Structure formats: structure tokens, C-alpha cells
Amino acid sequence: MSRTKVLAALLGILAAFAMASPATASTSLVRTIYYDTTRAAELADEVDQAAQIWNAGVTSVKLVKGTGGVSITTAQSGSAPGTASCVGCTRGQIYFYRAQITSSGAAPLRVVVHELGHVLSLNHPSDIGNCAKVMAGGRCQNAQPSAAELAAVQRFWTGRVAAPTVGLVA
Ligand SMILES: [Zn+2]
């Protein structure tokens, strides 16, 4: 390859990078919610699994393990299997309560997916107890959000700065 051709090839590569940068800019619109499992105790693995479940189903927001976002604490007993301090927010607190998770009859992973669902913007549906929806509670094992739940999260975080609703939910 002549020196000119090498130069042309290099310029081609640089041009490709330059053209790629607008795409990089648009990916930065993906909202990142950091979650901290330092105090999640034995539920830390379920939190990671739940984050993967949501991340696999939406592209407008991403749950990433780290500090400065949503802190997650597991404690012995409280008012519900879990609580979240806000709906549709990038900073807040989630609490899980062992005794209430056990008595709820729901799979722990479902409870964790549910509370992360609140942070991701979802409220409870009218058909409480519908196991097909992770936001519906119930004595259910299913931890996979429904297509409609995923679509609602996707819409909420797409292309805008969300206005969070602050207030404790269970
Ligand atoms: Zn709830």
C-alpha cells in the first residue's frame, strides 16, 4: 500500500469515528439510575437479577450498580414486603422487609422487581393480584414484567427529563 493510500485509509477511519459521534451523543439520552446494594444483605443478588430483568426489557433507562442513586436496604420487619421512596426517580431509597416478604407468599425476586418498578415510574394497576404483572402484588412467583409494564417504563424515560413523584409507596 502506498503512503497516499495508507493516509487515505487513516482518514477514512477518522471520518468513520467522526460520523459515529452523533450516535454516541444520542445514546447519552439513556437515563442511568445507580443502585447501591451495600445494605441489601441477602437480597443483593436478587437486586442484581431484577436490574438485569428491567435492563433486558427497556432501552431508555438503565439500572447500574453504583452509589449516588437509589440505596437499597434489607431489614427484618416493616409495613410491607418493600417500600420505595419515589416513583420515576434517579435518587431515593428502597427498603425490603424479610418478615413481610415471607408472609406475602410472593417470590423475593418478584418483590425486588416490583420496588425497582416503582423507581422506574410504575404505579400499581387496578387488577391487584394478577401474577402476569409485577406491579400487581399477589402471592405470585412471576418476576418478569408484562409487555405493557416494560412499554410504560420505556415511554416514561424516553427523550425527556422525568418529573419524579416523591412519596413513599409499598
Ligand atoms: Zn408497590
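In this text, all values refer to a predicted model and were calculated from it rather than measured experimentally. Each ligand, and each atom within it, is numbered from 1 in the order the structure gives.
- Test Ser104, Cys140, Pro81 against Arg110 for side-chain contact (heavy atoms from CB on, under 4.5 Å) and you get one pass: Cys140.
- For Ser126, there are no side chain to side chain donor-acceptor pair (under 3.5 Å) partners, not counting sequence neighbours.
- For the pairing with Asp36, the side-chain contact (heavy atoms from CB on, under 4.5 Å) check across Ile94, Ile72, Thr67 returns one residue only, Thr67.
- The side chain to side chain donor-acceptor pair (under 3.5 Å) test applied to Ser77 returns Gln100, not counting sequence neighbours.
- Note on the Zn ion (ligand 1): protein N/O/S atoms under 2.8 Å are His114 NE2, His118 NE2, His124 NE2, Ala170 O.
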List the steps, then state whether side chain to side chain contact (heavy atoms under 4.5 Å, CB included) holds for Val70 with Tyr34. CA-CA 6 Å; Val70 176; Tyr34 292 100; over 6 Å; no

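- Not counting sequence neighbours, Thr74 has no partner by the side chain to side chain donor-acceptor pair (under 3.5 Å) test.
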